[in-house]
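Reviewing the structure listed below.
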Amino acid sequence: MLGDLLGRSGREAALRAIPELRVTLRLDFVSVNAENASHGFGLGPDMAEALFAAGADVITLGNHAWDRREIIPYLAQEKRLLRPINFPPGTPGAGSAIITINDGRRVLVAQAMGRLFMDPLDCPFRGTAVELSRYKLGHSVAAIVVDFHAEATSEKMAFAHSFDGQVSLVVGTHTHCPTADHQILPGGTAYQSDAGMCGDYDSVIGMSTEGAAARFWRKTPGERLAPADGEASVCGLYVETDDATGLAVRVEPVRQGGRLSPLLPLV
Ligand SMILES: [Fe+2]
Ligand SMILES: [Fe+2]
């Protein structure tokens with residue numbers, strides 16, 4: 001799972017890293033959050049196509065899902081592209097998908113969005129519980145990946161513990177900083193509060209420092225935000241699951257390139 005791709009720098013680093021990591025880490029399944037891929041705001045259909053071609057099996061979005069309007073009809077017909085499940089009924093697209101990988105195993109992927117310090121939405125806990133009640137990990141699906149897109153670590157942890165033992169992975173996205181709390185929870189669900197972004201870390205959560213800092217110094221409107229365009233660090237999470245149960249047996253951070261110290265699991 002790779003965290004939020006940020007602008008051209010993050011997008012291009014991820015496009016290079018996905019095919020390479022698929023081989024070196026012997027990955028069966030790759031999910032990517034791309035809500036910030038288009039100049040920091042949203043995702044273009046052409047960019048989604050490029051990520052699928054590079055080896056992403058599924059792409060998740062978040063609060064920036066609708067920033068590029070052309071994505072709306074694309075979302076409605078591309079089942080591998082997900083927006084949060086807890087948007088109101090009738091919202092285009094879907095919040096979950098079953099993806100069948102090459103060897104026939106089925107993976108359920110879902111995304112929900114938090115409500116603390118975020119726009120009001122339907123309940124992400126109940127929405128996810130309803131979706132999960134339709135599947136049984138290790139039986140009808142080999143793995144379940146849940147991207148919980150949220151601001152507050154408390155909400156992320158509460159969410160992960162609520163579904164511990166029911167899913168393979170709960171991974172946080174949205175804050176753009178990798179947390180050091182990756183672990184397997186007592187019930188067997190892998191967890192990390194935030195995967196971090198794929199982007200230039202000489203920035204304010206991926207946006208160039210000058211414009212972003214000016215927003216705090218001066219409260220006048222109109223300070224322009226643009227993605228930082230230095231070398232990106234690719235950040236994400238590697239998870240190994242037990243085929244019999246679908247639960248996690250190993251979870252390791254992945255960090256490659258750019259300013260952050262590198263971390264890659266030995267596989
Ligand atoms: Fe983001
Ligand atoms: Fe976000």
Side-chain angles (χ1 to χ4, degrees), residues 1-25 27 29-75 78 80-84 93 97 99 109 111 145 147 149 171-178 192 194-209 211-212 224-238 253-260 262-264:
M1 165 75 195
L2 295 182
D4 310 33
L5 310 190
L6 205 304
R8 178 187 297 275
S9 156
R11 208 169 66 229
E12 290 184 349
L15 288 173
R16 284 191 302 273
I18 293 168
E20 179 199 311
L21 293 175
R22 278 202 85 109
V23 174
T24 54
L25 301 181
L27 304 175
F29 188 82
V30 176
S31 61
V32 179
N33 184 300
E35 67 150 2
N36 308 106
S38 179
H39 210 66
F41 301 94
L43 172 71
D46 54 328
M47 297 170 186
E49 292 289 325
L51 287 165
F52 290 134
D57 293 291
V58 72
I59 301 172
T60 52
L61 294 166
N63 54 306
H64 289 292
W66 319 108
D67 291 355
R68 285 279 307 268
R69 301 300 294 260
E70 319 90 282
I71 205 69
I72 297 173
Y74 184 84
L75 241 177
E78 175 52 77
R80 296 172 296 172
L81 178 64
L82 303 178
R83 45 78 176 162
I99 310 289
V109 184
Q111 180 179 51
V145 174
D147 171 352
H149 196 77
V171 59
T173 55
H174 177 71
T175 70
H176 296 186
C177 271
Q192 185 181 19
D194 207 290
M197 65 170 173
C198 296
D200 176 7
Y201 280 76
D202 176 15
S203 68
V204 175
I205 62 168
M207 305 312 265
S208 64
T209 308
R224 294 292 295 267
L225 281 183
D229 58 5
E231 187 191 343
S233 301
V234 166
C235 285
L237 194 61
Y238 167 94
V254 171
R255 295 208 302 258
Q256 183 175 267
R259 304 176 67 81
L260 301 189
L263 272 174
L264 268 187

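Just so it is clear, the values below take in all heavy atoms, side chains as well, and ignore hydrogens, waters and symmetry mates.
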Those residues that, when tested against His149, pass ring-ring contact (aromatic ring centres under 6.0 Å, His included) (two or more places apart): His174

Arg22 CZ to Phe29 CZ distance, which is reported to the nearest 0.5 Å: 8.5 Å

CG (Asp67) with more than 12 external heavy atoms under 6.0 Å: yes

From NE2 (His176) to CG (Leu6), nearest 0.5 Å: 5.5 Å

Pairs flagged by side chain to side chain donor-acceptor pair (under 3.5 Å) wherever residues 37-55 is involved - sequence neighbours left out: Ser38-Arg68, Glu49-Tyr74

Point-to-point distance, once rounded to the nearest 0.5 Å, from CH2 of Trp66 to CD1 of Ile72: 6.0 Å

Which atom of Gln256 lies closest to which atom of Ala17, heavy atoms considered: NE2-CB, 3.9 Å

Exam field: side chain Arg83 to backbone Ala65, donor-acceptor pair closer than 3.5 Å: no

Closest non-hydrogen atom pair between Leu25 and Tyr238, with its separation: O-CE1, 3.7 Å

Glu78: side chain to side chain donor-acceptor pair (under 3.5 Å) partners, not counting sequence neighbours: Arg80

Exam field: side chain Glu70 to backbone Gly44, donor-acceptor pair closer than 3.5 Å: no

Residue pair Cys198 / Leu2: nearest heavy atoms and the distance that separates them: SG-CB, 4.0 Å

Side chain to side chain contact (heavy atoms under 4.5 Å, CB included) partners of Arg255, counting only residues at least two apart: Pro178, Cys235, Leu260, Ser261, Leu263

Pair listing, side chain to side chain donor-acceptor pair (under 3.5 Å) test, anchored in residues 199-208, at least two apart: none

Taking every non-hydrogen atom, the tightest pair across Val145 and Ser31: CG1-OG, 4.1 Å

Shortest non-hydrogen contact between Gly236 and Gln192, atoms and distance: O-OE1, 4.2 Å

Sub-4.5 Å side-chain heavy-atom contact between Leu5 and Leu43: no

Leu82 side, atom CG; Asp147 side, atom CG - distance, nearest 0.5 Å: 9.0 Å

Asn33 to Leu61 - nearest heavy-atom pair and separation: ND2-O, 2.9 Å

Salt bridge (charged side-chain N to carboxylate O under 4.0 Å, His left out) pairs, two or more places apart, involving residues 4-14: Arg8-Glu12

For Val32, the option from Asp57, Thr173, Ile18 that meets side-chain contact (heavy atoms from CB on, under 4.5 Å): Ile18

Atom pair CG (Asn36) and CG (Asn63), whose distance is rounded to the nearest 0.5 Å: 7.5 Å

Value rounded to 0.5 Å, distance of CG in Leu81 from CG in Leu75: 4.5 Å

Side chain to side chain contact (heavy atoms under 4.5 Å, CB included) assessment of Val254 paired with Leu264: CA-CA 5 Å; Val254 171; Leu264 268 187; 3.7 Å; yes

Side chain to side chain contact (heavy atoms under 4.5 Å, CB included) partners of Leu15, counting only residues at least two apart: Ala50, Leu51, Ala54

Under the side chain to side chain contact (heavy atoms under 4.5 Å, CB included) test, residues paired with Ala13 that sit two or more places apart: Arg16, Ala232, Val234

